[in-house]
Enquirer: 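Encoded as structure tokens, here's the structure I'll be asking about.
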Amino acid sequence: MSSEAAGDRNPAPPPPGGVLWSLSGDIRALLMLPAALTLQVAHPAVGAGVDEHSVFRTDPWGRGERSLRSLQLWVYGGEAAAEEGRRLRRLHRTIQGTDTRGRRYHALSPANYAWVHATGFPVYQHAARYLVRPLTAAQERALYREWLQVGRILGIHDRDMPQTIEEFWPYFRKVLAGEIEATAVVEDLVATDRPVPPPDRGPLPLRMLLKALWPVVFPPLARFRRFVTIGLMPPEAREAIGLEWTDEQERALRRFCGVVRRVVPVLPERLRYLPYARRARAAHRETVRGGGGLRRKPGAPARSA
């Protein structure tokens with residue numbers, strides 16, 4: 001069943017100055033993404049698809065880089081956003097199999113594809129309380145409207161997405177109650193004892209240094225990854241998966257996030273924002289200064305971002 005967005009083959013990305021414009025390009029989003037990714041693969045069909053068809057175990061850094069680039073295009077990509085959505089659908093056309101419950105799945109079936117998309121909203125909404133500030137009711141509604149627009153970019157039909165916050169939360173809790181479990185991929189993503197190769201991206205001297213120090217660097221990094229993945233996941237999702245979280249960990253998370261909230265806003269823009277976001281923000285400022293004259297494509301940045 002196709003879930004191509006009705007009517008508009010080239011839906012526009014969320015607007016400059018919106019909630020997503022501020023959240024998803026901020027470096028603090030890097031701390032939010034592991035929780036969203038883990039919640040996605042806690043769905044048996046999504047977890048099976050990733051387990052059987054993804055290279056996240058053999059090429060975790062490349063997989064992460066491509067995922068981050070894709071997400072940035074959805075928000076800051078301008079005309080490139082819709083094409084990225086179509087590229088992802090083409091990529092997922094052949095992903096199918098049988099999940100852990102013996103059910104046939106296809107990556108593009110509306111329920112599965114919509115769940116992958118849906119997880120971003122509750123994670124952004126929850127993690128912003130810790131890392132940025134609690135969203136107001138108006139900001140939450142704006143964030144949800146913008147996330148619906150991202151869904152259209154991904155080719156998800158409106159009829160396959162809850163159209164209001166009031167409709168979203170019952171849908172979310174229903175999936176948590178009936179589908180979510182600790183899949184094999186979830187266990188990999190929160191494990192602290194599974195081997196991960198050292199980074200193969202970045203300047204050669206840095207890669208060589210990390211490779212030499214990886215046996216020392218990786219164990220605390222793995223513990224930190226687990227800490228932020230579980231801690232920044234909405235509590236009801238954490239409980240549905242069966243991930244343990246203690247009061248002591250909660251206090252440690254609040255202390256860590258308090259430091260992040262104070263430090264990140266005073267960083268220069270080149271350090272605070274991810275490359276696509278930084279270029280899009282600069283292009284938008286130039287457009288505003290020019291009085292809305294010649295419009296540039298904020299997402300037309302070089303592919304090497």
Side-chain angles (χ1 to χ4, degrees), residues 5 8 11-33 35-36 39-40 71-78 81-82 85 114-154 156-176 231-238 253-254 257-258 260-267 269 272-274 276-278 280-285 287-288 292 298-299:
D8 190 357
V19 181
L20 265 179
W21 183 269
S22 299
L23 278 179
S24 64
D26 190 299
I27 58 170
R28 286 172 284 191
L30 296 176
L31 295 171
M32 304 178 189
L33 291 178
L39 185 52
Q40 289 171 9
L71 189 154
Q72 295 289 287
L73 279 173
W74 306 343
V75 178
Y76 304 104
W115 172 254
V116 171
H117 166 64
T119 56
F121 170 70
V123 170
Y124 272 135
Q125 185 253 14
H126 177 71
R129 299 175 186 173
Y130 290 80
L131 293 166
V132 187
R133 69 177 67 87
L135 300 178
T136 66
Q139 288 171 329
E140 284 190 11
R141 291 184 179 278
L143 174 61
Y144 193 71
R145 286 195 302 271
E146 293 168 17
W147 203 240
L148 287 176
Q149 187 61 18
V150 170
R152 297 180 187 110
I153 288 169
L154 296 175
I156 302 173
H157 231 298
D158 278 358
R159 66 171 174 260
D160 297 320
M161 298 186 289
Q163 291 298 292
T164 65
I165 288 181
E166 289 79 9
E167 294 172 345
F168 175 80
W169 292 116
Y171 153 78
F172 182 62
R173 294 180 185 118
K174 181 179 178 180
V175 178
L176 292 183
L232 294 177
M233 187 179 291
E236 60 267 48
R238 181 196 304 153
L253 179 68
R254 291 179 181 274
C257 290
V260 172
R261 281 199 310 273
R262 289 189 289 272
V263 170
V264 172
V266 301
L267 294 176
E269 185 155 316
R272 178 176 174 181
Y273 292 98
L274 298 168
Y276 274 92
R278 194 166 61 243
R281 290 168 63 87
H284 180 62
R285 285 195 297 268
T287 299
V288 171

Enquirer: Where is the tightest heavy-atom contact between Gln149 and Pro11, given as atom of each residue plus distance?
Expert: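 Between these two residues, the closest heavy atoms are NE2-CB, 3.8 Å.
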Enquirer: Got a salt bridge between Glu166 and Arg141, using NZ or NE/NH1/NH2 to carboxylate O under 4.0 Å?
Expert: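 Salt bridge: yes.
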Enquirer: Between Glu269 and Arg285, is there a salt bridge with N-O shorter than 4.0 Å?
Expert: yes
Enquirer: Calculate, to the nearest 0.5 Å, the distance between atoms CG and CD belonging to Asp158 and Gln163 respectively.
Expert: 4.0 Å
Enquirer: Please check if the side chain of Gln40 supplies one atom and the backbone of Thr119 the other of a donor-acceptor pair under 3.5 Å.
Expert: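 It does not hold such a pair.
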Enquirer: Looking at every heavy atom in both Arg261 and Tyr130, which two are closest together, and how far apart are they?
Expert: NH1-O, 2.6 Å
Enquirer: Within the structure provided, determine whether Tyr76 and Tyr273 are in side-chain contact (heavy-atom separation under 4.5 Å).
Expert: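 No, every pair of side-chain atoms sits at 4.5 Å or beyond.
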Enquirer: Please find the pair of heavy atoms, one from Arg28 and one from Val132, that lie closest to each other, and give the distance.
Expert: NH1-CA, 3.9 Å
Enquirer: If you look at every heavy atom in Leu274 and Leu30, which pair is closest and at what distance?
Expert: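 Nearest heavy atoms, Leu274 then Leu30: CD2-CD1, 4.0 Å.
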Enquirer: Would you find a donor on one side and an acceptor on the other, under 3.5 Å apart, between the side chain of Arg272 and the backbone of Leu267?
Expert: no
Enquirer: Would you indicate whether the side-chain heavy atoms of Leu232 and Val123 approach each other to under 4.5 Å?
Expert: no
Enquirer: Are Tyr124 and Ser24 side-chain neighbours, meaning at least one heavy-atom pair lies under 4.5 Å?
Expert: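 Contact flag for Tyr124/Ser24 side chains = yes.
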Enquirer: What pair of heavy atoms forms the shortest contact from Pro14 to Ile153, and how long is it?
Expert: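 Reported closest heavy-atom pair: CD-CD1, 4.3 Å.
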Enquirer: Any side-chain to backbone donor/acceptor pair from Glu146 onto Val19? Under 3.5 Å, distance only.
Expert: yes
Enquirer: Any heavy-atom pair between the side chains of Leu143 and Phe121 that's under 4.5 Å?
Expert: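 Yes, at least one pair of side-chain atoms sits under 4.5 Å.
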Enquirer: Before giving the answer on side-chain contact (heavy atoms from CB on, under 4.5 Å), spell out for His284 and Trp21 the whole-Å C-alpha distance, their side-chain angles and the decisive distance to 0.1 Å.
Expert: CA-CA 11 Å; His284 180 62; Trp21 183 269; 4.1 Å; yes
Enquirer: Between Gln139 and Thr136 (side chain of the first, backbone of the second, donor and acceptor by atom type, cut-off under 3.5 Å), is there such a pair?
Expert: yes
Enquirer: Show your working on side-chain contact (heavy atoms from CB on, under 4.5 Å) between Leu176 and Leu39 and close with a plain yes or no.
Expert: CA-CA 10 Å; Leu176 292 183; Leu39 185 52; 4.2 Å; yes
Enquirer: Determine, step by step, whether Ile156 and Leu148 satisfy the side-chain contact (heavy atoms from CB on, under 4.5 Å) criterion, reporting the C-alpha distance in whole Å, the side-chain angles of both residues, the deciding distance to 0.1 Å, and the verdict.
Expert: CA-CA 9 Å; Ile156 302 173; Leu148 287 176; over 6 Å; no
Enquirer: Should Met32 and Leu23 count as side-chain neighbours, where that means a heavy-atom distance under 4.5 Å?
Expert: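 Yes; the side chains approach each other to less than 4.5 Å.
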Enquirer: Is any side-chain heavy atom of Gln72 closer than 4.5 Å to a side-chain heavy atom of Val75?
Expert: no
Enquirer: Are any non-hydrogen side-chain atoms of Trp169 and Pro122 less than 4.5 angstrom apart?
Expert: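 Sidechains of Pro122 and Trp169: in contact.
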Enquirer: Does some side-chain heavy atom of Trp74 sit less than 4.5 Å from a side-chain heavy atom of Tyr276?
Expert: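 With C-beta onward as the side chain, the pair stays apart.
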Enquirer: Just verifying a value: how many Å separate Glu140 CD and Gln125 CD, rounded to the nearest 0.5 Å?
Expert: 4.0 Å
Enquirer: Kindly determine whether Trp147 and Tyr144 satisfy ring-ring contact (aromatic ring centres under 6.0 Å, His included), including the steps that lead there.
Expert: CA-CA 5 Å; Trp147 203 240; Tyr144 193 71; 9.2 Å; no
Enquirer: Which atom names give the shortest non-hydrogen contact between Gly231 and Leu253, and what distance separates them?
Expert: O-CD2, 3.4 Å
